[in-house]
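Only one structure is covered here, and it is reproduced in the block below.
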Amino acid sequence: MAGKKVCILGSGNWGSAIAKIVGGNAAKLAHFDPRVTMWVFEEDVGGRKLTEIINTQHENVKYLPGHKLPSNVVAVPDVVQAAVDADILIFVVPHQFISKICDQLKGHLKANAIGMSLIKGIDEGPNGLKLISEVIGERLGIPVNVLMGANIANEVADEKFCETTIDKGRRPKHQRLQGPGPGTASERANADTQFPHHGGARGGHSRDLWGLKVAVGAGFCDGLGFGDNTKAAVIRLGLMEMIAFAKLFCKGPVSSATFLESCGVADLITTCYGGRNRKVAEAFAHTGKSIEQLEKEMLNGQKLQGPQTARELHSILRQKGMLDKFPLFMAVYRICYESQPVGEFIRCLQNHPEHLGRHANCQATS
């Protein structure tokens, strides 16, 4: 019986880290095809094509330098060619590009293909809010699992211990992916398809997976010279708004226990201390440069998710007449997009209502 074929759609920092782990494990597991394809958005690096560099040097020198990729990971510049024979599709691209990629893939996938989304963010369309996994599933007609957690790419690539959360939902057994980590015998028996994993990670299961970042706000505090006490307040208040937003806008029941998983508070803490959103927001606070300019200067072609997510949330909340219910989220939006002074973020923290049901006005006063 032929082994299951895996395709990774995306080759940035996070995508390349996953390629290292998945490629290494696919080569060891008998029920997987050892050849793992990775779709790479082609670009020139030092006069050479990035795919050529990856396939000869086995390293993504632009987005994950210093980490060798397994030789069985093959970079492919054409997204359809990379995915056409795959049984498992791992989506790991900035969320603003997912609709275009799905449009390219539609009609070209195997009949029984299943997906795994590693993409943070939301999609705000004419019919309201959707999770990225819902967008992929609806556009491609495939079941989609979700992997999300406190997973900084370089640390994953270094094979340092980490946790992650996998949402397999109520899918039939043949449509599930088993999470990383030891697991139990019964968990493995209930998953026909085991996700090639690294033993240092632990998989949890959540049916109402949700996560929103407030790392931009944490970066503002760092840039303004405030300390860990202030950042703790950002994390606590941000978590409160995350839970309230999910309970208002997610379909079906939302368990508060989800936010104690790696995809919740752990991811929030990690991004508020070590993520790119925090890093760029800190520079924004003390340089006065725009988010767009800093993204170009600091991220080597990578994209920020935090400011755009704040803009999407603002659009949703404005339509519902609920802007004043989420003052921390909206303070991030106004600073990034409406030229509100970054110092107003501290005032927002000071004036934040203890309970989200009360009204608060965090707009700058004239």
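Everything numeric here is computed off the predicted structure, so don't read it as measured data.
The minimum heavy-atom distance linking Ile346 with Cys221 is given by the pair CD1-SG, 3.8 Å. Between Met330 and Ala310, the closest heavy-atom pair is CE-O, 4.5 Å.
Every residue meeting the salt bridge (Lys or Arg N to Asp or Glu O under 4.0 Å) condition with Arg139, not counting sequence neighbours, appears here in chain and number order: Asp103.
Taking the six-membered ring where the residue is Trp, Phe41 and Trp39 present perpendicular rings, their angle passing 60° and hence far from 30°.
Hydrophobic clustering, with ILVMFWY side chains joined whenever heavy atoms are under 4.5 angstrom apart, groups Val36 together with Ile18. Each of Ile152 and Leu299 belongs to its own hydrophobic cluster when Ile, Leu, Val, Met, Phe, Trp and Tyr are linked at side-chain heavy-atom distances under 4.5 angstrom. Ile316 and Tyr333 sit in two unconnected hydrophobic clusters of ILVMFWY residues. Membership requires side-chain heavy atoms under 4.5 Å apart, directly or through other members. Val84 and Ile8 are assigned to two separate hydrophobic clusters, defined by single-linkage of ILVMFWY side chains at heavy-atom distances under 4.5 Å. Put simply, Ile166 and Leu29 are part of the same group of oily side chains (I, L, V, M, F, W, Y) that touch within less than 4.5 Å, one to the next.
Sorted by first and then second residue, the side-chain hydrogen bond (donor to acceptor under 3.5 Å, both in side chains) pairs involving residues 72-87 (not counting sequence neighbours) are Asp87-Lys110.
The backbone N or O of Ser11 lies less than 3.5 Å from a partner atom in the side chain of Asn60, making a donor-acceptor pair. Checking side-chain atoms of Gln302 against main-chain N and O of Gly12 turns up no donor-acceptor pair under 3.5 Å. Between the side chain of Lys20 and the backbone N or O of Ala157, at least one donor-acceptor pair lies under 3.5 Å.
Across Leu118, Ile119, Val79, Ile98, a single residue satisfies side-chain contact (heavy atoms from CB on, under 4.5 Å) together with Leu9, and that is Val79.
Within 6.0 Å of atom CG in Asn229, 12 or fewer heavy atoms from other residues, nucleotides or ligands are found, so the atom counts as exposed in its surroundings. With a 6.0 Å radius and a threshold of 12 heavy atoms from other residues, nucleotides or ligands, Lys100 has its NZ atom at or below the threshold.
Taking 4.5 Å as the limit, every side-chain heavy atom of Thr271 sits out of range of all side-chain heavy atoms of Asn277. At least one side-chain heavy atom of Asn154 sits less than 4.5 Å from a side-chain heavy atom of Leu64. With contacts defined as side-chain heavy-atom distances shorter than 4.5 Å, the pair Glu138/Lys130 qualifies. For the pair Pro65 and Glu59, the minimum side-chain heavy-atom distance is below 4.5 Å.
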**Message:** Assess the residue pair Val280 and Glu295 against the criterion (side chain to side chain contact (heavy atoms under 4.5 Å, CB included)); give the C-alpha distance rounded to whole Å, side-chain angles, the decisive distance to 0.1 Å, and a yes or no.
**Reply:** CA-CA 7 Å; Val280 173; Glu295 184 181 61; 5.5 Å; no
**Request:** Give the intermediate values and the outcome of salt bridge (charged side-chain N to carboxylate O under 4.0 Å, His left out) for residues Glu282 and Arg278.
**Result:** CA-CA 6 Å; Glu282 179 183 16; Arg278 188 218 62 81; 2.8 Å; yes
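Ion pairing between Glu344 and Arg334 fails under the 4.0 Å rule for side-chain N and carboxylate O.
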